[in-house]
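One structure is given below, encoded as C-alpha cells.
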Amino acid sequence: MVKTTEELENELKSIHTTDQLEDWMDENYKGECRFCDYFAELCSQKGIKPGNLVGKIALSKPYIYNLAKGEKLPSKEAVIKIALGLHASVEETNRLLKLSGNKELYPKKEEDAVVEYGIRNNWTVYQIDELLKKRGLEMSLTDKE
C-alpha cells in the first residue's frame, strides 16, 4: 500500500540517526516506482481504472498498463493526457510530471500556459490540442503513444 505524504513525514520525524534514515529509505524507496504509485493513488481517489482512460485520451491500452505497472516512464505529453483523463488538478499534474522525470508546467512557456488553462477549465485533451495547433505550438496531445 502506498503511504500518504503525512505518514511519510511522521515517520521521518521519528528518525534520529543516519543509519535509521538509510534503513527507512531502503524500506520505503527500494524498487519503488514513484510515478506508477502516484498514478495508482490518483486512479483510486478519482474512482477511475487505468483501462477506462483509453476512450478519454490518446493513449493505447497496452501503453497505459505499462505505465501503471512501472515498466515505462511517460513523456510530458503522455503525463498531461493521463492527468486530463483523471481530471487531475494543476498541482496533481505537476506532481505526476515531476515523478515521471519531466519538468512541471511553466506558464512562461506558451504551450504550458495553454495546458494549465485547459486543466483549470476542465477541457479535454482534444480541446487543448486544438488550441495548441491553432497557436502553431509543437506539443501535440492527440498523437498516440
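Throughout, residue positions are numbered sequentially from 1 according to the sequence presented. Side-chain atoms are counted along with the backbone in the values below, which use heavy atoms only and exclude waters and symmetry mates.
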Original post:
About how many Å separate CG of L84 and CD of Q127, when rounded to the nearest 0.5 Å?
Top reply: 10.0 Å
Original post:
Looking at L97 and E104, what are the two nearest heavy atoms and their distance?
Top reply: CD1-CA, 4.0 Å
**OP:** Please assess M139 against V114 for the test side-chain contact (heavy atoms from CB on, under 4.5 Å), listing each intermediate value before the final yes or no.
**Re:** CA-CA 10 Å; M139 181 186 282; V114 169; over 6 Å; no
Original post:
More than 12 non-hydrogen atoms from neighbouring residues, nucleotides or ligands closer than 6.0 Å to CD on E91, yes or no?
Top reply: yes
**OP:** Determine, stepwise, if the pair F39 / L99 fulfils side-chain contact (heavy atoms from CB on, under 4.5 Å).
**Re:** CA-CA 10 Å; F39 177 34; L99 291 172; over 6 Å; no
Subject >> Atom NZ of K133 with >12 non-hydrogen neighbours under 6.0 angstrom >> reply: yes
Original post:
Going from CG on L59 to CD1 on I64, what distance comes out if it is rounded to the nearest 0.5 angstrom?
Top reply: 5.0 Å
Original post:
Judged by atom type as modelled, is there a donor-acceptor pair below 3.5 Å linking the side chain of K81 to the main-chain atoms of I57?
Top reply: no
Original post:
Considering all heavy atoms of both residues, which atom of F35 and which atom of S100 are nearest to each other, and what is their separation?
Top reply: CD1-CB, 3.7 Å
Original post:
Got a donor-acceptor contact below 3.5 angstrom from the D129 side chain to the L141 backbone?
Top reply: yes
**OP:** Taking all non-hydrogen atoms of both residues into account, name the closest pair between K56 and I48 and its distance.
**Re:** NZ-CD1, 3.9 Å
Subject >> Validation row: T18, E22 side chains within 4.5 angstrom (heavy atoms) >> reply: yes
**OP:** Please check if atom OH in Y106 has more than 12 non-hydrogen atoms from other residues, nucleotides or ligands closer than 6.0 Å.
**Re:** no
Subject >> Verdict with reasoning, E92 to K46, per side-chain contact (heavy atoms from CB on, under 4.5 Å) >> reply: CA-CA 12 Å; E92 291 166 333; K46 310 237 181 222; 3.1 Å; yes
**OP:** Spell out, as yes or no, whether a donor-acceptor pair under 3.5 Å connects the side chain of N102 to the backbone of P74.
**Re:** yes
Original post:
Where do I119 and S89 come nearest, in terms of heavy atoms and distance?
Top reply: CG2-C, 3.9 Å
Subject >> Joint hydrophobic cluster, L8 plus M25, side-chain heavy atoms closer than 4.5 Å >> reply: yes
Original post:
Out of curiosity, L12 CG to Q20 CD, how far, rounded to the nearest 0.5 Å?
Top reply: 11.0 Å
Original post:
Would a distance-only check, ignoring hydrogens and angles, find a side-chain to backbone donor-acceptor pair under 3.5 Å from N121 to Y117?
Top reply: yes
Original post:
Closest heavy-atom contact between A78 and Y63?
Top reply: CB-OH, 3.8 Å
Original post:
How long is the span from the CD atom in E11 to the CG atom in L21, to the nearest 0.5 Å?
Top reply: 12.0 Å
Original post:
Between atom OH of Y38 and atom CG of L96, what is the distance when rounded to the nearest 0.5 Å?
Top reply: 6.0 Å
Subject >> side-chain contact (heavy atoms from CB on, under 4.5 Å) evaluation trace for L132 with E111 >> reply: CA-CA 7 Å; L132 289 168; E111 62 188 17; 3.8 Å; yes
Original post:
Taking atom CG of L73 and atom CZ of R34, what is their separation to the nearest 0.5 Å?
Top reply: 11.0 Å
Subject >> Atom of H16, atom of K13 and distance for their closest heavy-atom approach >> reply: CE1-O, 4.1 Å
Subject >> D112/K76 salt bridge by N-O under 4.0 Å criterion >> reply: yes
Subject >> Salt bridge present between R120 and E116 (N-O < 4.0 angstrom) >> reply: yes
Original post:
Is a donor on one side and an acceptor on the other found under 3.5 Å between the side chain of N94 and the backbone of L105?
Top reply: yes
